[in-house]
Amino acid sequence: AAKADGRARLRVYDESLEDDAELQLQLEEDLRDALDTGGLRMMYQPQIDTRTGEMCGVEALIRWQHPTLGAIPPDQFIGVAERTGLIRPLGDWILREVDADARKSGSNFPRSVSVSINLSPIQFGQSNFVSHLTQIIKQLDLNYTVELELTEGVVMTDAEHNLDKLRQLKALGFKLAIDDFGTGYSSLSYLRHFPIDTLKIDRSFINDIGTPDGDGIVRAILGLCHALDLTVVAEGVETKEQALFLADHGCQILQGFLLGRPMPVGDLMAASEQNYLPLITDSGSSTQAS
Ligand code: C2E
Ligand code: MG
Ligand code: MG
Ligand code: MG
């Protein structure tokens, strides 16, 4: 019953979570506890290469099972961490946990897939972020490719200073992706001159595939990526029609519920042994992966 009450309470506060000072304090305290004693874990969502149908990467996504409130979405507690200084310990925990999971899955994620890790803008913005990260990764294996995901706003504001940081991250061996591309503000010249490897097309655009404007916008973004020689990932692919359109127009990588939901590391190995081509080509059945 406590759990049910907790869920109900969270739902009530859903809209104005950030405005509820008491709940914010509670969540801060509980998040601190969770970092010490458990309740957080990473899930991994497959990214599929449209040319081979093989899993080529995974995105690490954090989950928090709160003792009384139930599952709290990352969109809500990342903000708590950002406002309270917990974002650094949380960010460190995420890196260590991903690395521990990599070892669990055989010292390397399956078939050498790359792992994408989201960075909070606040985390990235901290002045000694790069030197701190350098210290952390010294303690880790990281014998697989790690791509760090940043949003447009982070990359494009304070461009000179951030360009420097991005170069340092590249020098540490990370790949860099722009997450939720198209929802923020991007300058084409920045895109060209910044050391970005990958653009992730925001799922709102993928959702509009099938409408004339939607098709046009996605084609334009894919054209831009090809012109700038960027890898492109489509986020939020839910239907075979979307997958077919994207593959037809040269989108290299698909991510979304059609291909697989975020899953525990223990399920990754089996998922990576599957070939996904039937899901994303005309010849296959239209059954969705679970
Ligand atoms: P994001 O980085 O853009 O992650 C993609 C989100 O879309 C994930 O939500 C994922 O579960 C969801 N998604 C994937 N495929 C589909 C689909 O086909 N349909 C729909 N409707 N949704 C799909 P999630 O895990 O709730 O994460 C939300 C956001 O929270 C993330 O957006 C990211 O900004 C942030 N986040 C999640 N994990 C972390 C983390 O470890 N660190 C940081 N700093 N932020 C994180
Ligand atoms: Mg992301
Ligand atoms: Mg995204
Ligand atoms: Mg996001």
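Ligands are counted one by one from 1 in listed order, and the atoms in each one are counted from 1 as well.
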For ligand 1, the portion of [X] having any non-hydrogen atom under 4.0 Å away:
X: E235; result: side chain
X: R261; result: neither
X: L258; result: neither
X: D179; result: side chain
X: N118; result: both
X: M42; result: side chain
X: L61; result: both
X: R203; result: side chain

[X]-[Y] side chain donor-acceptor pair, cut-off 3.5 Å:
X: Q255; Y: Q47; result: yes
X: H132; Y: D92; result: yes
X: T84; Y: E28; result: no
X: T198; Y: E147; result: yes

K165 charged N/C atom sitting above F124 aromatic ring, 6.0 Å / 45°: yes
Under the ring-ring contact (aromatic ring centres under 6.0 Å, His included) test, residues paired with Y190 that sit two or more places apart: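 Only F194 meet the ring-ring contact (aromatic ring centres under 6.0 Å, His included) criterion with Y190.
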All ring-ring contact (aromatic ring centres under 6.0 Å, His included) counterparts of W93, not counting sequence neighbours: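 ring-ring contact (aromatic ring centres under 6.0 Å, His included) list for W93, sorted by chain: empty.
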Rounded distance (nearest 0.5 Å) linking atom NZ of K200 with atom CG of L150: 11.5 Å
[X] near the Mg ion (ligand 2): N/O/S under 2.8 Å:
X: N118; answer: yes
X: E235; answer: no
X: D180; answer: no

Shortest heavy-atom approach to atom 31 (C) of ligand 1 - which of D202, D75, N207: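 Among D202, D75, N207, the closest heavy atom to atom 31 (C) of ligand 1 belongs to D75.
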